[in-house]
Amino acid sequence: MKKFMLPILLFLMFIPFVVNAESKYLYDVLKNEAESGGLAKEYTGEHHDSFTQEPSHKIYHWYANNYTEGNLVLQKNNVIFGGFCWQIFRTTDTGGVKMIYNGIPSDGQCNSTGVHQQIGKSKFGYGYDSLAYSGYMTPKSNNIKYRKNERYSSESLFGNNVTYDKNRGEYTLINTSNKYDNYHHYTCNNSTGRCNSVRYYYFDLYYVELYGESNIEELISNMLNTDEVNYNNSPIKSMIDTWYETNMTNNVTKQEDIIFCNDRSIQEYNGWNPNGGDKYKNIVFNNNINTTSLKCKNETDQFSTYNTKAKLKYPVGMMTIGEANLLNNNTIRYTGQEYWILSNFFTGWVYGHSVSSNGVIEQKDTVDSQKGVRPVISLKKNIKYSSGSGSKTNPYIVADLNKSNILINNDTDKGIVENLNNTSNVEELLNVTFKIRPSKGYIVKSIQIIDSNRNEVEYESRNDNEYSFIMPDSDVTITPIYEKIKSSINIEIINETEDLNVEINDMTQVEYEEKVKFSVTPIKGYKVTNLKIVDEDNNEIEYETPDNKNYTFTMPESNVTIIPSYERVKNAVEVEDNKNTKEFIIEVNDSKAVVYEDTVKFTITPEDGYTIDKIIIKDSNDNEITFKKISNKNEYSFVMPDSDVVITPTYRKLESINVPDTLKNPNTGTGISIIIIFMLIISSITYIIFKKKKYYIMK
């Protein structure tokens with residue numbers, strides 16, 4: 001017993017360290033702070049960081065207000081990653097950690113302030129007098145200008161609509177008036193009512209100038225909702241992409257692709273009214289400067305590396321107005337400098353949202369003004385730190401990623417795992433993609449990816465047997481599980497109906513290379529004239545048939561169709577005769593091919609001196625066929641069976657009476673005598689018969 005005491009004591013001593021060991025996941029930093037009532041809170045508003053997934057993790061965000069200079073070092077959100085300082089400000093609903101740029105570390109500390117907390121300055125957009133200048137990316141077309149404070153001429157005519165002549169390239173006002181009102185908005189800014197470009201005024205001071213075939217009703221769609229709305233980079237996006245490409249591409253493995261929302265949704269009750277009137281006076285969006293929503297409404301505003309309608313080159317963006325508001329004016333948001341956040345405000349001019357030098361969110365400057373730029377990235381879930389407490393003087397250091405191996409446990413006779421660029425020293429958190437190519441007749445039923453601790457690794461299945469998973473911090477084994485293709489058997493009947501028996505329990509679950517047995521039994525009177533088995537590509541499948549009734553074939557890797565053809569049976573009528581027949585006539589078109597159930601008529605004329613004794617009709621199974629006589633001229637008929645028949649007539653010879661020569665020659669005396677004697681005999685017999693009858697009557 002003593003020899004076991006030391007290991008037990010060591011184990012008991014180790015338990016407190018295991019139980020109280022601090023989590024090394026950055027996600028848990030905010031989670032623990034929120035649950036302990038510290039510097040973070042749980043977010044319960046609208047959010048969606050992933051374009052393709054439903055939220056799978058709670059969101060936690062920093063909420064630290066009115067910090068004094070003395071306790072700034074206590075804030076546990078400072079991180080060194082990729083050679084730069086970052087500040088964690090929230091988690092994502094995919095389990096990641098979102099961070100904002102915060103300068104370059106010095107002696108392992110993150111003490112940057114002011115301009116050093118940004119990568120530089122930039123305009124947000126190229127201009128401010130068009131909707132086209134709104135957005136992290138801008139539309140391809142910019143021919144519709146939106147202007148302000150340019151009054152119309154006092155001699156101008158106004159119309160409530162316009163027409164456009166393509167040939168002359170000219171607008172013409174409709175239903176003109178000599179003054180602007182709530183229903184007359186179009187003007188050529190002249191007294192003729194005709195022009196090459198027309199202005200659409202609203203709220204008296206603002207107008208949109210249209211060129212060519214531009215249509216007012218399509219204005220918002222052209223600017224915000226077309227496939228080309230995110231065609232050009234804004235100046236600030238170009239600056240961030242260039243910085244990232246220069247400094248961060250070696251660290252992309254640890255980052256997650258999430259949505260960076262540049263909300264350009266029009267406010268419901270403050271928008272454009274192309275029909276005039278004063279119900280809607282302005283085009284306004286993102287007017288709620290105090291929003292804390294993290295959800296992006298329009299797909300074209302959901303910027304990410306995987307959204308083709310708002311595609312980012314790199315997984316980097318900016319802080320949104322909702323995120324900035326969640327920080328509640330704390331030390332993360334405050335830098336003493338003005339810098340842009342990812343949201344615009346539009347009402348006549350394109351304005352940008354920004355954080356002012358004293359930490360207040362504003363929307364007062366147009367997007368073509370210079371302000372600071374602070375990139376934002378998001379680390380993947382399960383990112384660990386190797387050291388640090390999160391303070392400025394002791395920031396978290398993102399841990400190096402483990403490198404492990406990928407093992408393949410595969411039955412190569414059934415399939416091949418391919419497109420794995422590397423299977424050794426694969427870095428943790430790398431997105432591993434591979435493809436499985438099944439052998440002929442097989443499909444991938446499922447796959448298992450197991451790490452060294454026997455834990456299942458989650459994976460995504462894509463089209464055409466493509467798969468992907470995030471590499472864990474240990475070796476993994478990929479095991480594809482195959483099964484034979486199961487296909488269906490269809491019946492396509494040509495000509496007549498039939499009784500088709502396929503000896504498979506489930507005709508929709510026939511495995512590849514399985515032997516299929518079936519029989520074809522036509523209804524009585526029909527026979528199979530042809531049988532074809534084809535696959536989905538109309539290739540004929542070979543089969544075996546020992547008796548033209550039972551068939552066998554090997555199932556291919558696709559559905560098959562069995563195509564039997566039928567026709568009514570035509571059988572022969574044969575005559576087995578003993579040569580005593582003068583004529584034997586069958587009244588059918590072809591005595592060698594009589595159709596089943598046809599009525600067969602035949603006539604037998606015996607030779608002289610013979611008569612029909614008996615007729616026997618038998619089918620090929622030696623069964624007698626019933627027939628009947630249909631006239632006194634030896635005419636007969638029967639119904640044709642579904643096989644050949646043989647008609648066998650037999651005859652008997654008629655008996656002859658020897659007549660003396662004198663009877664044969666009545667001119668001789670002897671002949672006369674014989675005749676007289678023969679007549680007397682006949683008379684006597686007649687007398688006796690008559691007398692007996694009379695006697696019988698009298699009695």
Side-chain angles (χ1 to χ4, degrees), residues 440-441 483-576 586-602 615-628 636-648:
K440 184 176 181 181
E483 69 176 2
K484 285 187 176 181
I485 292 175
K486 294 180 180 181
S487 307
S488 64
I489 299 177
N490 306 306
I491 311 300
E492 181 180 316
I493 303 169
I494 296 180
N495 301 332
E496 304 291 344
T497 58
E498 95 304 345
D499 180 13
L500 180 65
N501 179 30
V502 179
E503 297 180 356
I504 297 292
N505 291 334
D506 186 351
M507 290 172 61
T508 63
Q509 295 294 313
V510 184
E511 287 188 349
Y512 170 67
E513 293 185 331
E514 183 178 349
K515 290 291 184 182
V516 180
K517 297 180 180 180
F518 68 96
S519 60
V520 179
T521 307
I523 62 175
K524 192 172 183 181
Y526 290 82
K527 66 179 181 180
V528 177
T529 58
N530 183 40
L531 187 136
K532 186 165 64 172
I533 305 174
V534 296
D535 63 15
E536 287 182 340
D537 297 323
N538 209 34
N539 299 313
E540 289 201 30
I541 308 299
E542 293 183 357
Y543 60 86
E544 296 178 357
T545 174
D547 53 12
N548 290 324
K549 178 179 179 181
N550 297 294
Y551 300 83
T552 304
F553 71 92
T554 302
M555 192 69 180
E557 58 177 344
S558 72
N559 297 336
V560 300
T561 301
I562 300 174
I563 309 173
S565 301
Y566 300 87
E567 67 178 21
R568 295 183 70 182
V569 175
K570 293 182 180 180
N571 296 300
V573 178
E574 303 289 346
V575 179
E576 187 179 292
I586 296 178
E587 293 182 354
V588 292
N589 293 332
D590 182 357
S591 63
K592 301 298 182 184
V594 182
V595 177
Y596 169 68
E597 292 186 334
D598 273 358
T599 298
V600 180
K601 296 179 181 180
F602 64 94
I615 299 174
I616 298 175
I617 305 176
K618 290 188 176 182
D619 62 17
S620 57
N621 296 318
D622 208 35
N623 299 313
E624 285 199 27
I625 306 301
T626 302
F627 66 93
K628 61 182 179 180
Y636 305 87
S637 70
F638 67 92
V639 177
M640 190 69 182
D642 60 347
S643 69
D644 295 343
V645 299
V646 177
I647 301 174
T648 306

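Note: hydrogens, waters and symmetry copies are ignored here, and every other heavy atom, side chains too, is used. If you're wondering where the values come from, they're calculated on a predicted model, not measured in any experiment.
For the salt bridge (Lys or Arg N to Asp or Glu O under 4.0 Å) test, residues two or more places apart in sequence or in another chain that qualify with D622 are K618. Checked against side-chain hydrogen bond (donor to acceptor under 3.5 Å, both in side chains), S643 has the following partners two or more places apart in sequence or in another chain: S620. Taking the side chain to side chain contact (heavy atoms under 4.5 Å, CB included) definition, one finds that N559 meets it with S487, S488, N490, E536, sequence neighbours left out.
Counting only distance, with no hydrogens or angles, the side chain of T529 and the backbone of S565 share a donor-acceptor pair below 3.5 Å. Under a 3.5 Å cut-off, the side chain of D547 and the backbone N or O of K549 do form a donor-acceptor pair. Remark: the backbone N or O of N623 is not paired with any side-chain donor or acceptor of N621 at under 3.5 angstrom. Between the side chain of T545 and the backbone N or O of N550 there is at least one donor-acceptor pair closer than 3.5 Å.
Between T554 and E513 the shortest heavy-atom distance is CG2-CA, 3.6 Å. Heavy-atom minimum distance, K484 versus Y512: CD-O, 3.2 Å. Shown here for K515 and T552, the closest heavy-atom pair between the two residues is CD-CG2, 4.4 Å. The two residues N571 and P641 come nearest to each other via the heavy atoms ND2-O, 3.8 Å. When every heavy atom of Q509 is checked against every heavy atom of E514, the shortest pair comes out as O-OE1, 4.5 Å.
Around the NZ atom of K532, the shell of radius 6.0 Å holds no more than 12 heavy atoms that belong to other residues, nucleotides or ligands.
The shortest side-chain heavy-atom distance between F638 and I615 does not fall under the 4.5 Å cut-off. Between L531 and Y543 there is a side-chain heavy-atom pair separated by less than 4.5 Å. Counting heavy atoms from C-beta outward, V560 and F553 have side chains that approach closer than 4.5 Å. Side-chain contact between V645 and M640: present, with at least one pair of heavy atoms (C-beta onward) separated by less than 4.5 Å. Using a 4.5 Å heavy-atom cutoff, the side chains of E576 and I647 are not in contact.
Between Y636 and F602, the angle of the ring planes stays under 30°, which puts this pair in the parallel group of the 30/60° scheme.
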Review point. After noting the C-alpha distance and the side-chain angles of D642 and K527, does the key distance pass the side-chain contact (heavy atoms from CB on, under 4.5 Å) rule?
Key: CA-CA 9 Å; D642 60 347; K527 66 179 181 180; over 6 Å; no
Point to revise | Step-by-step side-chain contact (heavy atoms from CB on, under 4.5 Å) determination, N548 to V528 | key: CA-CA 8 Å; N548 290 324; V528 177; over 6 Å; no
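Between the OG1 atom in T648 and the CD1 atom in I617 there is a gap of 9.0 Å [rounded to 0.5 Å].
Taking the six-membered ring where the residue is Trp, the centroids of Y566 and Y526 are separated by 6.0 Å or more.
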